[in-house]
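We name chains A, B, ... by the order of the sequence lines, and we start the count at 1 in each one. All of these numbers come straight from a predicted model, not from anything done at the bench. Side-chain atoms are counted along with the backbone in the values below, which use heavy atoms only and exclude waters and symmetry mates.
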Protein chains: 2
Amino acid sequence: MKRATLRDIAQTLGVTVATVSRALKNYPDISATTKQTVLATAERMHYAPHPLAVKLRQKAYKVVGVVVPDIVHPFFSDVISGIIDVVEALGYHVLLSQSNESYEKEIRVTQMLLATGVDGLLVCLSNETVDVGHLRALQEYDLPVVLFDKINSGLDASTVVTNDFQGAYDAVTHLLDQGYTRVAHIKGPPHPENTRQRFAGYRAALAAYDLPFRPEYVAECHAVSHAEGAAFARQFMALPEPPDALFAVTDSVAIGAMTALREEGRRVPQDMAVIGFSDWAVCQLVEPSISSVAQPGYDIGRRASELLLREIQQLRDEQPLEHHHLVLDATIKVRQSSQRPIVG
Amino acid sequence: MKRATLRDIAQTLGVTVATVSRALKNYPDISATTKQTVLATAERMHYAPHPLAVKLRQKAYKVVGVVVPDIVHPFFSDVISGIIDVVEALGYHVLLSQSNESYEKEIRVTQMLLATGVDGLLVCLSNETVDVGHLRALQEYDLPVVLFDKINSGLDASTVVTNDFQGAYDAVTHLLDQGYTRVAHIKGPPHPENTRQRFAGYRAALAAYDLPFRPEYVAECHAVSHAEGAAFARQFMALPEPPDALFAVTDSVAIGAMTALREEGRRVPQDMAVIGFSDWAVCQLVEPSISSVAQPGYDIGRRASELLLREIQQLRDEQPLEHHHLVLDATIKVRQSSQRPIVG
DNA sequence: CACTGTTCCGAAATCGGTTACGGTACCGAT
DNA sequence: ATCGGTACCGTAACCGATTTCGGAACAGTG
């Protein structure tokens, strides 16, 4: 069954496509009788407007492009879910691409999205990306871009991020409030702003409690893996005065550290408290359950798409684009791994 | 900066759009000199063909729609990742939607995808879906549909699924090979074909080892949750002759069961072996690590999109559509939770 | 009867490309 | 000089809708 066009309806009724179009979109200049006739035959012929023809005429794709480093990641799944819920409510759709944390591929997919046609772009930069010329090029073609999570100050665009500083600060003060005094930190690679903020939050919390910053209590991940967490935990335990608490840059590192601690015969949280970051589902499932800092992924997706849709509308109204910079709070989830048992 | 059109180039050069078009698409009827001139000015004016105009003329969207019940799920993330990698290599893009396991919403999003324009659809049915009239309607509009994971025999379409029967069979025979003889099963809701196949595989494995099927060793989940796993584990332990091994319909149930076992003072795998299904990342991270049956999510995405793209091509060539039904093997991942320790 | 004003619809431009078709100019061959 | 052939380019139809403009038909008024 072929899809009926305006002309098909017009020919069967002996009128022109203009009349049919007017009838279907209840325009003023149409008689009630012909309107009814057109509507009836349109229904009968299973008419549906051709998406491309409408969009070409309207100069609107009704599509936003999304670029994330990796879809197979609970945080990004959350973000995407938030994006979809917002944009679909306004009749937009989501074109999804992943960069696989590759700068090359990020350029390629943004170019592909531009070529295939989108009204705007939501981008989380790859870890490799330092130059944002490819995104600036998109902006010059009047394509609004909103960055989230991994952002770059080199681009004049709206941004939505987690408050990594505050999340880290809250996590460490939580440990300090429990009475732990020697808090170690396994930090992430130096480059991404997120991990730098977490490190800064760690230091600020120590300073707020008048505790010294001890470099031997800080290790820097390269791969941000399970194995690295375990290795650094062993390194910390081998110190003359080992730490009594650990703030890990992300949950997988925290879990690796906990595995190593168990193998060394140390109990969590009695001998060492542990708190992670990202609040993966696994944190609630393991024993002891792991405290973590939850990132508002779904909300990041929502707010970022709201900003983008607003900019798309402003562009259509030929108003100047307003950029906003949102910083959404992280919330610490206190579980067993960081709760100091009451000492009798 | 506005995007240049063919007419812009044509006017600045004093030729017609046809000439420009031919030059850009290296058509035969064009002189080398004008071709060079056109290419140069096109470059200078940052010309890029308007996606909608091309697609309208070509009658190809270069887009496939994807509908999954829930994006925030590692299995579906894997599938989507596989889909994207395949279709992007052929110049297609992915429009993503989720049904939230709602029949109503599944209908709504498929209608939206049809209205917005796609060349084909990859669908994983929601748990609520029994009637597939909405998908059959799409097929009548010459829109190829490929089902994956959650399928329905009521639709004449290609399908790609995991071999749940074989995965379950392998999991249970693995337990039996280890010497466990009283294997329990926590099954999923009765409706989805997947969980029925897993139950069937469980029964077939018992039968192959001449073991009796004991109804008291089978429990049926409703919410398929962590909590249900724990509750059923306690129920099993309260039996006069408790089971010594457990095959859970999915990992979260297995983890819930293991938590309850630990609280009851039972050791895994010494007192009870456990194997799950889906092979979530958490299985490798916890202690003891959890054996599980891995579903080939990425491959399902790849194969399903290959089938869909082939059908799209067949439709374009006006050939009859060939439907295929692929069943991809699941692979068991043996870890600590199901390895019977060597008894000295 | 002429004039004005509605009401309703058709003609045509438009969005930005693609492509079949036709025509001009120029070549060499007869 | 005429013809056939080729190279190159313009004209225009086309994809399927939206929307402006103008005109026909008809009613009402002076």
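- With hydrogens and angles ignored, the 3.5 Å screen pairs a side-chain donor or acceptor of Arg136(B) with a backbone N or O of Gly154(B).
- Here Lys59(B) lies in heavy-atom contact (under 4.0 Å) with sugar-phosphate atoms only.
- Per the geometry, CG belonging to Leu24(B) stands 15 Å off C1' belonging to dT19(C), to the nearest Å.
- Taking 3.5 Å as the limit, the base of dG16(D) and the side chain of Arg57(B) contain no donor-acceptor pair of atoms between them.
- Within the 3.5 Å criterion, the main-chain N or O of Asp156(B) finds a donor-acceptor partner in the side chain of Gln139(B).
- At the heavy-atom level, Ser31(B) lies under 4.0 Å from the strands shown only through sugar-phosphate atoms.
- Rounded to whole angstrom, the span from the CD1 atom of Ile9(B) across to the C1' atom of dG17(C) amounts to 12 Å.
- Minimum atom distance to the side chain of Ile30(B) is reached by dC9(D), of the listed dC9(D), dG10(C), dG17(C).
- Residue contacts for Leu56(A): at a heavy-atom cut-off of 4.0 Å it reaches a base atom on one of the strands shown.
- With hydrogens and angles disregarded, a donor-acceptor distance shorter than 3.5 Å links the side chain of Lys55(A) to the backbone of Thr116(B).
- Listed for the Asp119(A) side chain is a donor-acceptor partner under 3.5 Å among the backbone atoms of Tyr61(A).
- Counting heavy atoms from C-beta outward, Thr162(A) and Pro296(A) have side chains that approach closer than 4.5 Å.
- Considering only heavy atoms from C-beta on, Leu113(B) stays 4.5 Å or farther from Leu143(B) through its side chain.
- Using a 4.0 Å heavy-atom cutoff across all strands shown, Ser21(A) reaches at least one base atom of the nucleic acid.
- In terms of phosphate contacts, Tyr27(B) brings no side-chain nitrogen or oxygen within less than 4.0 Å of OP1 or OP2 of dG17(C).
- Nearest to the side chain of Thr34(B), among dC9(D), dC9(C), dG16(D), sits dC9(D).
- Take the nearest nucleotide of DNA chain D for Thr33(B) and for Leu52(A): the residue whose nucleotide is more 5' is Thr33(B).
- Distance, Asp29(A) CG to dG22(D) P: 14 Å, rounded to whole Å.
- Atom NZ of Lys25(A) and atom P of dC8(C) are 20 Å apart (whole Å).
- One finds no side-chain N or O of Arg7(A) lying less than 4.0 angstrom from the OP1 or OP2 phosphate oxygen of dC14(D).
- Nearest to the side chain of His50(A), among dT19(D), dG16(D), dG17(C), sits dG16(D).
- OP1 or OP2 of dG16(D) has not a single side-chain nitrogen or oxygen of Tyr47(A) nearer than 4.0 Å.
- For Thr16(B), the listed nucleotide lying nearest its side chain is dT11(D); candidates were dC9(C), dG10(C), dT11(D).
- If you check distances only, the side chain of Arg3(B) never reaches the base of dG16(C) with a donor-acceptor pair under 3.5 Å.
- Rounded to whole angstrom, the span from the CG atom of Leu13(B) across to the C1' atom of dC9(D) amounts to 14 Å.
- If you take CG of Asn26(A) and P of dC8(C), they are 14 Å apart, rounded to a whole angstrom.
- Residue contacts shown for Arg22(A) include a base, since a base heavy atom lies under 4.0 Å away.
- Among the protein residues, Ala48(A) comes within range of the sugar-phosphate backbone only, with heavy atoms under 4.0 Å from sugar or phosphate atoms but none that close to a base.
- Within 4.0 Å (heavy atoms only), Lys55(B) reaches no atom of the nucleic acid at all.
- Spacing between atom CD of Gln58(B) and atom P of dC14(D) amounts to 17 Å, rounded to whole angstrom units.
- At whole-Å resolution of the value, NZ in Lys35(A) and P in dT7(C) are 15 Å apart.
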